[in-house]
Structure formats: structure tokens, C-alpha cells
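Have a look at the structure below before the remarks.
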Amino acid sequence: MVDIIGPANAPNSVTSRPDDTRTFGSLDSWFKDCTSATANDGTKLTAAFMNAVAGLFRSAIRGNGLTALSAPVVAEDNSDDMLLHAMQQMVQRGQPKYGDDTGSANHVVVAPTPAAIELKKGMEVITKLAATNLGPGDLNLSGLGPVAIKRLDGTDLQANDLLIGQIGRFVFDGIFWQLTNGQQNVIKVLTANTTFYVDASLGSDTLYDGTAAVVSGVHGPFRTIQRAVNEAFKFGPSAAYIITVKVADGTYAESVATPTIPGPAIVVDGNSGTPSNVHINSSTSNAFSVNGPNTATLKNLKWSATALNTAGAAANGAGANLFTANTESGTCGGWCFLGNGGGAVSIGAHKFNANVAFAFACYRNGTINLGTGISFTIAAAITVSAFAAVVSGGQIEVPATGTPTFVNPGNVTGAKYLGSLNGVINAQGAGVNYFPGNSAGSLSSGAQYG
């Protein structure tokens, strides 16, 4: 160690700091000059004072600690720039705001030196993460208590936003810690077909990563379908691969929707033998919505959407494409199948089990294409406002060959179809009695049926 900021070889200097005998009161004290060159009425500088000043400078210069090679961070050469370099290095090395994470999954714990005494808006914490998060998480700085971590958009963390060994950066916004880096800013690339698992009985949206149907450590199914869809949309669009969401038997009281940002094609797959065993049952909104510009397939499951003006299976917006196969429906307060705002629905075999305002409906240039050679089963007596409806340029297309058939069409009470505002039903010559219902269809305002 080099002698810095000291008397050096001044006469009578010592190498061990003497005791400080000054007594400090409650008021700040100050030096003053002598009233004249010959007067002895000014403040005397004591060795204790000068030692304290030298000590403070030494602490500031050496306070960064040693380098990895055990050398001082600031070269101790008594240059005029030592304190400046120390300040620059302190900022550059980020020491006051760094500490290793000693927490666990979903709980980041950081104790930097010196310890933070309060949380202030704008303060930053940098840490090497000790665990990968499995869902929403929090950060506890210097034992001040856990505070929720949010993504840049203000939402809770999603699984794998924080990765073990990653350097995480967090800024306190006055209420939450905001994660300013991490996986939230990374669009993943699909390199193979991928499956996520969902199980309402044994799954968890926070404890497991959705990569397994049974629980093994952090691997296990999600509890909700929406959680799996969110995870799927951490990947960007792919021309080669899809993501399958495999759903176990159970009732899923949720409204599932894709984002409106482009993502991979997804398949939500239930029970092929008994589709009704997997039931998406929403009481507030659409049971399932694919939003443009995305593609989704629903198969081997059942849905219900009991609130007024909600859909069981909907494609919303330009570029939205929904495909269905081997599905069933319960009560739908609005539409069983809905193509809206340019969205398109291609329908496979389906069983209607309960009332629905409109079985097939297209609005605002939405389209519905009925599958070739399939059957629609009316499994119980149901009431409709109209079985098929086209409004504001919406279009329903019946295939010219392999025209779908209806099993038990006599179970339907209500109008066969309704068209208005230039909507089109292309029945390919199947006739005005093609759709089930006990009353005739109606057209108005430029709508066509043919």
C-alpha cells in the first residue's frame, strides 16, 4: 500500500493515526482567520482535523476495493487526479447498486454495500439472478421488504422473464420494480414443433413451466389455457413449426384470446374421444378468440359463452384465421361461430348442445367456410334468433361439393338465416331451406342468398 494524501516525510509525522480528542457538539463548527497577522485569535488547525480530512480522502480513493488481481482500482500515486478517478470508477463499476441475488424462484433478494436505507423513485439495482422465475415475482432490497416486479408494459412477470445466471436490471418507479432487461425483450424462435400442457386439476400458472403433463420439479402443466397461449406468443411467427396446447379433461372457466401481435400458429387440443370432457366455459366474454394477424385451431373440445353478445369461437380482425374440428358447444349468449372484422373461420364437425343466438355469424367482412363432407349435429332442442347470419359484408360459404349435412335439424326453433347490409350467404344452390330452423330466413339492405 502506498502512503497517499498524507504528511509523507514531513518532520515529526507518524505512521499510526493518533487518537482524536476533539469533542463535537450539536452545532456545526467553522474555522476563522486571525484578525491580523500578529493576532492569535483565529482557529488553530489540529492534527486530528487534518488526519480526519486525509482519512476521508483515502476512504474515497480506496473505497472501490481491489481488482480481480488484488490491485487497487485507482493507482495510488499521489497524483492530483486520484479522487476524480475514484469517483469515475465508482460510477463505472456500479458498486453501490450491485449485489448477488440470494433469493429463490419468483423472489429476488439483493443486499448491496452500502445497504439501501429506503426505496426512492429512480434507484437502480443490478444483480446476478439466482433462479429462473416461474411467474409473477418480487424484489427485496436490503431487507426493506418484497416489492412486486413488473414488465415494461406494467404487467406481471411471465415465466422465464428472469433466467438463472442472467444479469437483471431493475428500476424502482415509486410503486414497483420495473424489469428493464430480460427475456421480455427477446422474441424467441421456434426450432421445432412445441407442446405446452394444461391441467385444471394439478397444474399451476406460477409453479410450473408448462413443458410436461406430469409434475417433476419446475416442469409440469399450466393451470389455464390462457397461460399457455401467453407462453406460446413469446415466440415469433414460424413458417415451419407450430405450438400445440394439450389440454387435460376439466372445466376451464376463462376467456382465452391470442394477442394482436403476430405469433406462431397454435393448436388447442382436448379429448378426441369425448370432446365435452374439455370445456372452456366463459361467463364474461368470448370463450376463445383468435385476433389478427394470427392463426389458431380448436379441436376435440367444448365451449360455452353465456353472457349476452359473446361468442364461443371467434376470429377477430384482418388476418385472423380460426379452424375447428370435432368440437361441441353449450349455451352461447351471442354467436357459436363468429367471423368479425375480416376474420375467417373454417368449421369442421360440430355438435350443438344448447341454445345459441346465432350458430354461424359474420360481421364487417368476416367470413365463415363450412368444411367439406362433415356433419353438424343438433343434439338437443335449441332455440336460435337465426341459425346463420351475415351483416355488413359478412359472408358464409357452403362448399359446392361435399355439402355438409345437419343431423336432427328439426331440433332447431327459430329463423333459418338472416342477412342485411350487403351480407352474402352462398349456399351453392342448396336452397333456402338448407340451414335448420322452423321459420323462413330474411334478407334486407342488399343482402343476398344463393
Side-chain angles (χ1 to χ4, degrees), residues 63-66 68 73 87-188 196 203-211 215-224 226-235 259 261:
N64 267 321
L66 302 176
V73 173
M87 295 168 61
Q88 291 172 333
Q89 290 287 353
M90 184 72 76
V91 172
Q92 187 179 66
R93 299 177 84 215
Q95 295 303 285
K97 56 188 177 183
Y98 180 85
D100 285 333
D101 175 21
T102 59
S104 57
N106 304 335
H107 305 289
V108 179
V109 177
V110 183
T113 301
I117 61 172
E118 64 175 339
L119 300 181
K120 294 287 287 185
K121 183 184 290 187
M123 69 191 306
E124 183 181 33
V125 172
I126 304 171
T127 186
K128 184 176 181 180
L129 296 162
T132 297
N133 77 301
L134 301 171
D138 53 54
L139 189 156
N140 189 339
L141 177 65
S142 297
L144 296 174
V147 175
I149 301 170
K150 299 292 184 179
R151 304 178 109 217
L152 291 175
D153 60 2
T155 60
D156 288 339
L157 293 183
Q158 296 181 14
N160 302 315
D161 277 345
L162 309 178
L163 299 178
I164 185 171
Q166 167 196 341
I167 296 297
R169 295 178 180 271
F170 308 87
V171 175
F172 187 63
D173 66 7
I175 301 175
F176 304 111
W177 287 105
Q178 288 194 20
L179 174 65
T180 60
N181 68 333
Q183 293 300 103
Q184 62 174 330
N185 299 320
V186 177
I187 300 298
K188 300 180 183 180
F196 291 114
S204 172
D205 287 350
T206 56
L207 296 178
Y208 310 133
D209 61 7
T211 61
V215 176
S216 177
V218 300
H219 305 301
F222 293 128
R223 185 181 65 82
T224 64
Q226 185 64 61
R227 178 68 181 83
V229 171
N230 292 345
E231 194 67 24
F233 273 80
K234 290 182 180 180
F235 292 88
I261 59 171

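Just the heavy atoms: all of them, side chains too, but no hydrogens, waters or symmetry mates, feed the values below.
Considering all non-hydrogen atoms of both residues, Gly103 and Ala130 come closest at O-CB, 3.8 Å. A pairwise comparison of heavy atoms in Asn133 and Leu162 identifies OD1-N, 2.8 Å as the closest pair. Contact detail for Phe222 and Asp209: the closest heavy-atom pair is CZ-O, 3.2 Å. Across all their heavy atoms, Asn160 and Leu163 have their closest contact at O-CD2, 3.5 Å.
When the salt bridge (charged side-chain N to carboxylate O under 4.0 Å, His left out) test is applied to Asp156, the partners found at least two apart in sequence or on another chain are Lys150. Checked against side chain to side chain donor-acceptor pair (under 3.5 Å), Gln226 has the following partners two or more places apart in sequence or in another chain: Asn230. Looking at residues two or more places apart in sequence or on another chain, you find a side chain to side chain donor-acceptor pair (under 3.5 Å) between Ser204 and Thr206. Listed by chain and residue number, Glu231 satisfy the salt bridge (charged side-chain N to carboxylate O under 4.0 Å, His left out) test with Arg227 (two or more places apart in sequence, or in another chain). Residues that satisfy the side chain to side chain donor-acceptor pair (under 3.5 Å) test with Asn106, not counting sequence neighbours, are absent from this structure.
Using a 4.5 Å heavy-atom threshold, the side chains of Val215 and Tyr208 count as touching. A 4.5 Å side-chain heavy-atom check between Val147 and Asp138 finds every atom pair outside the cut-off. Using a 4.5 Å heavy-atom cutoff, the side chains of Asn181 and Gln166 are in contact. Taking the side chain as every heavy atom from C-beta outward, Thr180 and Phe170 never approach each other to under 4.5 Å. The closest side-chain heavy-atom distance from Trp177 to Val108 is not below 4.5 Å. Side-chain contact check for Arg151 versus Leu157: some heavy-atom pair is nearer than 4.5 Å. You'll find the side chain of Lys234 reaches within 4.5 Å of the side chain of Asp161, heavy atoms only.
Going from atom CG of Asp173 over to atom CD of Gln178 covers 4.5 Å, rounded to the nearest 0.5 Å.
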If you look only at distance, which donor and acceptor atoms sit under 3.5 Å apart when one is on a side chain in residues 111-129 and the other is two or more places apart or in another chain?
{"unit_1": "Glu124", "atom_1": "OE1", "unit_2": "Lys97", "atom_2": "NZ", "d": "2.8"}
{"unit_1": "Thr127", "atom_1": "OG1", "unit_2": "Gly99", "atom_2": "O", "d": "2.6"}
{"unit_1": "Thr127", "atom_1": "OG1", "unit_2": "Asp101", "atom_2": "N", "d": "2.8"}

